Amino acid sequence: MRIQLPSWQKASEELHIHCVACFSSISVSRKLNGYYMDNGVSPSLFPLHRCKTIHLVGIRFFYLKVFDCIQRKFEYAASLVRHAQGIHNVEGDKNYKAYMSSEYFDAHLTQLGWQQVDNLRKHVHSTGLVKKVDVVITSPLLRTMQTAVGVFGGEGYTDRMDILPLMVANAGNSGRAAISSLNSPPILAVEHCREHLGVHPCDKRRSISEYQCLFPAVDFSLIESDDDSLWKADVRETKEELAARGMNFMNWLFTRKEKEIAIVTHSGFLFHTLAAFGNDCHPLVKKEISSHFANCELRSMVIVDRSKVGSDSSSTNYPGKIPSGPDLPSDVADERNQEKDISLVGNS
């Protein structure tokens with residue numbers, strides 16, 4: 001597999017990186033007359049554990065991610081989480097028609113689901129992930145918000161005038177104590193990462209004003225309509241429409257200033273969105289990216305902004321030449337000398 005250097009890089013050297021995990025030698029080079037890879041503008045996504053960051057210091061200083069070549073400022077780390085088990089998952093597993101039942105409107109987590117939340121919470125704390133996350137983005141449905149606050153929220157809530165709880169006690173018939181927002185990353189509800197819209201009552205949300213009473217410290221400011229204007233009782237969003245919405249959501253992430261983002265969402269949304277990624281990877285990596293998520297599964301991914309939607313500057317790049325002085329590389333000098341010789345021959 002060959003990887004293009006960014007267009008702003010003028011390096012002519014060729015770097016070989018041997019990646020044991022993907023059983024291949026990856027050759028990185030730039031040619032004067034074009035690139036080895038297509039210059040696509042869609043974002044790329046790779047499993048975090050299959051990526052390495054390499055700092056190259058010399059004539060140029062830049063970041064390189066194995067599987068793609070980028071500058072750090074165009075990279076985001078995303079922890080993708082499917083919600084824990086909901087009541088609709090249990091009944092739907094027995095009979096698909098259960099998903100059509102109004103009994104499972106805006107389905108809440110089961111007690112097993114809350115156990116899954118507790119275990120994932122232990123994991124994000126033991127790995128230190130919770131301290132790295134700058135923001136948690138959640139679908140504004142009961143089961144996803146319960147999962148988000150349960151996994152990434154603070155410790156047990158103590159009634160204080162200056163701190164709002166992320167979740168009040170027994171929200172959504174949870175039987176759980178209130179969850180504190182203290183020492184928790186901000187949690188932001190976003191409509192774009194909702195499940196398949198329409199027909200299934202379990203995927204219809206409540207009013208935002210009702211949610212605000214249940215989840216006082218969750219930020220609902222990006223949701224324009226109090227009532228659910230997206231869900232239609234007789235129209236089911238197509239897979240293509242869902243995938244397009246998912247890609248718009250991924251592009252929107254690059255407008256955020258945060259670099260480490262956790263996203264709590266749904267199986268269908270994840271599956272159809274991630275199916276668009278991994279086409280430039282080994283088939284097994286593609287499968288790893290786009291396979292269905294289990295309840296409360298977390299996968300860490302690196303998202304690369306190849307379209308430069310993001311506009312923030314790099315915090316690690318260094319311009320060099322401080323103090324300034326001659327720095328003509330020998331290979332450039334060789335090229336100029338060869339061009340001069342050719343010109344002399346042509347004029348003789």
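What you are looking at is a predicted structure, and each value in this text was computed from that prediction instead of being measured.
Figure legend: cation-pi geometry between Arg205 and Tyr211 absent, as NZ or CZ is not positioned both under 6.0 Å from the six-membered ring centre and within 45° of its axis.
Ring centers of His200 and His88: at least 6.0 Å apart, outside the cut-off. The ring of Phe215 has its center no closer than 6.0 angstrom to the ring center of Phe220.
Between Asp118 and Arg176, at least one side-chain nitrogen of the basic residue sits less than 4.0 Å from a carboxylate oxygen of the acidic one, meeting the salt-bridge criterion. Asp226 has no carboxylate O lying under 4.0 Å from a charged side-chain N of Arg206, or vice versa, which leaves the two without a salt bridge. The pair Lys239-Glu241 fails the salt-bridge criterion, with no side-chain N (NZ, NE, NH1 or NH2) lying under 4.0 Å from an Asp/Glu carboxylate O. The residues Asp331 and Arg336 are annotated as not salt-bridged, no charged nitrogen and carboxylate oxygen being separated by less than 4.0 angstrom. Under the 4.0 Å criterion applied to side-chain N and carboxylate O atoms, Asp228 and Arg194 are assigned as salt-bridge partners. At a threshold of 4.0 Å, the pair Glu191-Arg245 does not count as salt-bridged, since none of the basic side-chain nitrogens sits closer than that to a carboxylate oxygen.
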Trace of the side chain to side chain contact (heavy atoms under 4.5 Å, CB included) decision for Leu112 with Gln116: CA-CA 6 Å; Leu112 178 66; Gln116 294 171 342; 4.2 Å; yes
- Item | Thr110/Gln85 under side-chain hydrogen bond (donor to acceptor under 3.5 Å, both in side chains): CA gap, chis, key distance, verdict | CA-CA 6 Å; Thr110 64; Gln85 185 192 68; 2.5 Å; yes
Yes or no on side-chain hydrogen bond (donor to acceptor under 3.5 Å, both in side chains) for Asp219 and Ser221, after CA distance, side-chain angles and deciding distance?
CA-CA 6 Å; Asp219 184 353; Ser221 61; 2.7 Å; yes
**Stepwise side chain to side chain contact (heavy atoms under 4.5 Å, CB included) test for Thr273 and Phe249** = CA-CA 9 Å; Thr273 299; Phe249 171 77; over 6 Å; no
task: Would you sort out whether Asn295 and Asn89 count as a side chain to side chain contact (heavy atoms under 4.5 Å, CB included), showing the intermediate values?
output: CA-CA 9 Å; Asn295 280 132; Asn89 294 136; 3.6 Å; yes
* To do: Dump the intermediate steps for side chain to side chain contact (heavy atoms under 4.5 Å, CB included) on Ile163 and Ser181, then the final yes or no.
  => CA-CA 7 Å; Ile163 298 293; Ser181 59; 3.5 Å; yes
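When all heavy atoms of Cys202 and Tyr99 are compared, the pair lying nearest together is SG-CD2, 4.0 Å. Contact between Asp106 and Leu142 at its shortest, heavy atoms only, is OD1-N, 2.9 Å. Scanning all heavy atoms of the two residues, the minimum distance from Arg82 to His266 falls at CG-C, 4.2 Å. Smallest separation of non-hydrogen atoms from Met100 and Val199: SD-CG1, 3.9 Å. Looking at every heavy atom in both residues, Phe277 comes nearest to Lys286 through O-NZ, 2.7 Å. A pairwise comparison of heavy atoms in Gly153 and Ser184 identifies CA-OG, 3.7 Å as the closest pair.
Residue Met250 holds its CE atom at 8.5 Å from CE of Met301, rounded to the nearest 0.5 Å. With rounding to the nearest 0.5 Å, the separation of CD in Glu258 from CG in Asp134 is 6.0 Å. Between Asp203 atom CG and His196 atom NE2 the span is 9.0 Å, to the nearest 0.5 Å. Glu195 CD to Thr265 OG1: the interatomic distance, rounded to the nearest 0.5 Å, is 7.0 Å.
Ring-plane geometry between Phe271 and His292 is classed as parallel, the angle between the planes falling under 30 degrees on a 0 to 90 degree scale with a further cut at 60.
Side-chain contact between Val136 and Val264 is present, with at least one heavy-atom pair separated by less than 4.5 Å.
Residues His108 and Arg143 bring no donor and acceptor atom of their side chains to less than 3.5 Å of each other. If you check the side chains of Arg299 and Ser291, you find a donor sitting under 3.5 Å from an acceptor.
Listed for the Asn95 side chain is a donor-acceptor partner under 3.5 Å among the backbone atoms of Lys97.
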